[in-house]
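Worksheet: the structure to be examined is printed underneath.
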Number of protein chains: 2
Amino acid sequence: MARKTKAEAELTRQQILEAALHAFHVRGVSRTTLEEVAKAAGVTRGAVYWHFANKTELFFAMREQISLPLLDKGHSLILAENLADPLDGIEQSILALFQAILESERVRQMFEIIFLRCEYVDDFAGVLEELNKPGLQFLVDAELAYRRAQAKGTLRDGLDPRALAMDTLAFVRGLFHQLLASPEEREWPRRIPAMVRAHVALRRAQSPCDPAAAESAGAALPRRTRRQ
Amino acid sequence: MARKTKAEAELTRQQILEAALHAFHVRGVSRTTLEEVAKAAGVTRGAVYWHFANKTELFFAMREQISLPLLDKGHSLILAENLADPLDGIEQSILALFQAILESERVRQMFEIIFLRCEYVDDFAGVLEELNKPGLQFLVDAELAYRRAQAKGTLRDGLDPRALAMDTLAFVRGLFHQLLASPEEREWPRRIPAMVRAHVALRRAQSPCDPAAAESAGAALPRRTRRQ
DNA sequence: CATTTTACATACATGCATGGTTGTATATAC
DNA sequence: GTATATACAACCATGCATGTATGTAAAATG
């Protein structure tokens, strides 16, 4: 057919990416055919091969487009300056991540593809390291946040920031997978914020030997009003 | 060729399962060809099709054979009676799970296949529910264990057993995925037990206003001697 | 000992996904 | 305004994975 203008070409590129997202989500990465992607995007395989060298590059492009903004936001939230309590930064960044998944169909589908509909071998083995990088970044950021909280006295005594960071990372990752593995559960929007807050609350300092304070700080489902 | 005796047939069945484990691990489930499995097992595709209807059934059989014993062991450990502290049951069952992965190549490969080399669509969508079942079981068991600890006074005050169980499940699942995602890390054998013990230690009761006790109970890397 | 069933190996038919090639009409550069 | 690069569509060749059908020799059955 006729040649398209640059803007139109970019549009079909986006349509192909969007079609790939849905196709990968429904059929899994390896079973999806570029023919399916093309048809869903309203083009032929020729167009797909024009914009992307092969299925692997299409996958990487799709993933990158959706995940990069999320990582930036999380990183900036956790280490936000001028926080009354650095633990709030940890709490907020985790909450933001899960809210993004709960609110955006696209984001959730992308993560479902990455964690449940992709086989990490051959070309895709490299993605694993990519997936670890945000985790390592969170580990560093969280440890620093915990250390700041320790300095400010908002962290419980006797806890090691590094160990806490690893524990929190495991918690986030696990909750992540639980959410992705059972997306039909309608309680998540209420349950997840409660679990995240309970997780952080376990680590907050409590006035020693003050029963009232201990109760509010250690409660499993604290109804604290959000700061900031 | 010649017909084999029943014992020999069972042996080739096991060889096929073993070959499938390795093939799935190296090439991913969807990319592995039954021809590859057959060749690795020293038979032809005819033998594979004789013992298993198709790749899906082969996958299920492989998974079931390895995972069933693990689930039984974990369940019995967490709810073991006559424990001085029910929290030790939680700790021990989690430790046993990770030890199984760290010690057995077969077990680790099986989990890597399940979590990193399989796409959960079509025939395999049902596996997701299977994967959730152990989690739900652990949730029930852990909540009960936390409740028992609460009754015995070994649990910190102000904590909700149900919320704790969900938190611990998320922690275990997350640590699980971290371990599987970076198996080359040689520190896991030391790090994981420390993290598990630190996780449980955060929830143990501490004698209020006793600095010495608080320090030992809340320490991030407690060197407690194992009970039982 | 005759019959049947078992435990495979071998061969065949089918479909489909991939990658490459070619064609082409138009936007863009000069 | 001409030349060239662009943005695809259409066509083709190849290979490979699956499933099934058939062959077969020995074990199991009675």
Side-chain angles (χ1 to χ4, degrees), chain A residues 1-62 113 117-119 121-124, chain B residues 1-62 113 117-119 121-124:
Chain A
M1 284 215 174
R3 178 184 175 186
K4 303 287 182 63
T5 188
K6 278 202 171 185
E8 288 173 323
E10 177 59 23
L11 184 77
T12 68
R13 198 187 116 98
Q14 293 302 321
Q15 288 173 338
I16 292 172
L17 283 172
E18 203 65 21
L21 172 70
H22 292 109
F24 288 159
H25 183 253
V26 174
R27 299 249 308 153
V29 174
S30 63
R31 295 174 198 229
T32 359
T33 235
L34 293 188
E35 170 73 28
E36 294 173 353
V37 173
K39 188 175 291 183
V43 295
T44 66
R45 267 173 59 241
V48 177
Y49 273 104
W50 172 257
H51 287 282
F52 308 94
N54 48 37
K55 198 202 286 184
T56 306
E57 286 204 8
L58 175 58
F59 172 84
F60 275 87
M62 183 272 293
I113 292 169
R117 289 155 167 86
C118 178
E119 301 179 0
V121 286
D122 299 342
D123 300 351
F124 292 86
Chain B
M1 287 217 172
R3 179 183 175 189
K4 304 288 181 61
T5 187
K6 278 201 171 185
E8 289 172 322
E10 177 59 23
L11 184 78
T12 69
R13 197 187 118 99
Q14 294 301 322
Q15 287 174 338
I16 292 173
L17 283 172
E18 203 65 20
L21 172 70
H22 291 108
F24 288 158
H25 184 254
V26 174
R27 300 249 308 152
V29 174
S30 63
R31 295 173 198 230
T32 19
T33 245
L34 293 188
E35 170 73 28
E36 293 174 353
V37 173
K39 188 175 292 182
V43 294
T44 66
R45 267 173 57 243
V48 178
Y49 274 103
W50 171 256
H51 286 283
F52 309 94
N54 47 38
K55 199 201 285 185
T56 305
E57 286 204 7
L58 175 59
F59 172 83
F60 275 86
M62 183 271 294
I113 293 169
R117 288 155 167 86
C118 178
E119 301 180 1
V121 286
D122 300 341
D123 300 351
F124 292 86

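Labels below follow one simple rule: chain letters A, B, ... track the order of the sequence lines, proteins then strands, and each chain is numbered from 1.
Protein atom CZ of A:Arg31 is 16 Å distant from nucleotide atom C1' of C:dG15, rounded to whole Å. Following rounding to the nearest Å, A:Phe52 (CZ) and C:dG20 (P) show an atom-to-atom distance of 17 Å. Distance, A:Gln15 CD to D:dA7 P: 15 Å, rounded to whole Å. One atom, CG of A:Leu34, and another, C1' of D:dA9, lie 16 Å apart when rounded to the nearest Å. Taking atom CD on B:Glu35 and atom C1' on C:dA9, their separation rounds to 12 Å, with Å as the unit. What separates CD of A:Gln14 from C1' of D:dA7 is a distance of 16 Å, to the nearest Å. One atom, CZ of B:Arg13, and another, P of C:dT6, lie 16 Å apart when rounded to the nearest Å.
Looking at heavy atoms from C-beta onward, A:Leu58 lies in side-chain contact with A:Leu34 at the 4.5 angstrom threshold. Residues B:Met62 and B:Ile113 have side chains in contact (heavy-atom distance under 4.5 Å, counting atoms from C-beta outward).
Across C:dG19, C:dT6, C:dA17, the shortest atom-to-atom separation from the side chain of A:Thr33 is found for C:dA17. Among the nucleotides D:dA9, C:dC8, D:dT18, the one closest to any side-chain atom of A:Val43 is D:dA9. Listed nucleotides: D:dA7, C:dC8, D:dA9. Nearest to the side chain of A:Trp50: D:dA7. Closest to the side chain of A:Tyr49, out of D:dT18, C:dC8, C:dT18, is C:dT18. The side chain of A:Asn54 sits closest to C:dG19 out of C:dG19, D:dT18, D:dC8. Listed nucleotides C:dC8, D:dA9, D:dT20 differ in distance to B:Arg45; the shortest reach to its side chain belongs to D:dT20.
Applying the side chain to side chain donor-acceptor pair (under 3.5 Å) criterion to B:Glu8, with sequence neighbours excluded, gives no partner residue.
Along DNA chain C, the nucleotide nearest to A:Thr32 and the one nearest to A:Gly46 differ in position, and the one closer to the 5' end is contacted by A:Thr32. If you find the closest nucleotide of DNA chain D to A:Ala9 and to B:Glu36, the one lying nearer the 5' end belongs to A:Ala9.
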Please enumerate all protein N or O atoms sitting under 3.5 Å from an N or O of nucleotides 27-30 of chain D, with distances to 0.1 Å.
{"unit_1": "D:dA27", "atom_1": "N3", "unit_2": "B:Arg3", "atom_2": "NH1", "d": "2.5"}
{"unit_1": "D:dA28", "atom_1": "OP1", "unit_2": "B:Thr5", "atom_2": "OG1", "d": "3.0"}

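Among the heavy atoms of the strands lying under 4.0 Å from A:Thr44 is at least one base atom, whether or not backbone atoms are also near.
For the residue pair A:Gln14/A:Glu10, the side-chain donor-acceptor check at 3.5 Å is satisfied.
Distance check: A:Arg27 CZ to A:Glu36 CD gives 4.0 Å after rounding to the nearest 0.5 Å. B:Thr32 OG1 to B:Arg117 CZ: the interatomic distance, rounded to the nearest 0.5 Å, is 11.0 Å.
The stretch residues 29-62 of chain A participates, sequence neighbours left out, in these ring-ring contact (aromatic ring centres under 6.0 Å, His included) pairs: A:Phe59-A:Phe124.
Using a 4.0 Å cut-off, some side-chain N or O of A:His51 falls inside it from OP1 or OP2 of D:dC8.
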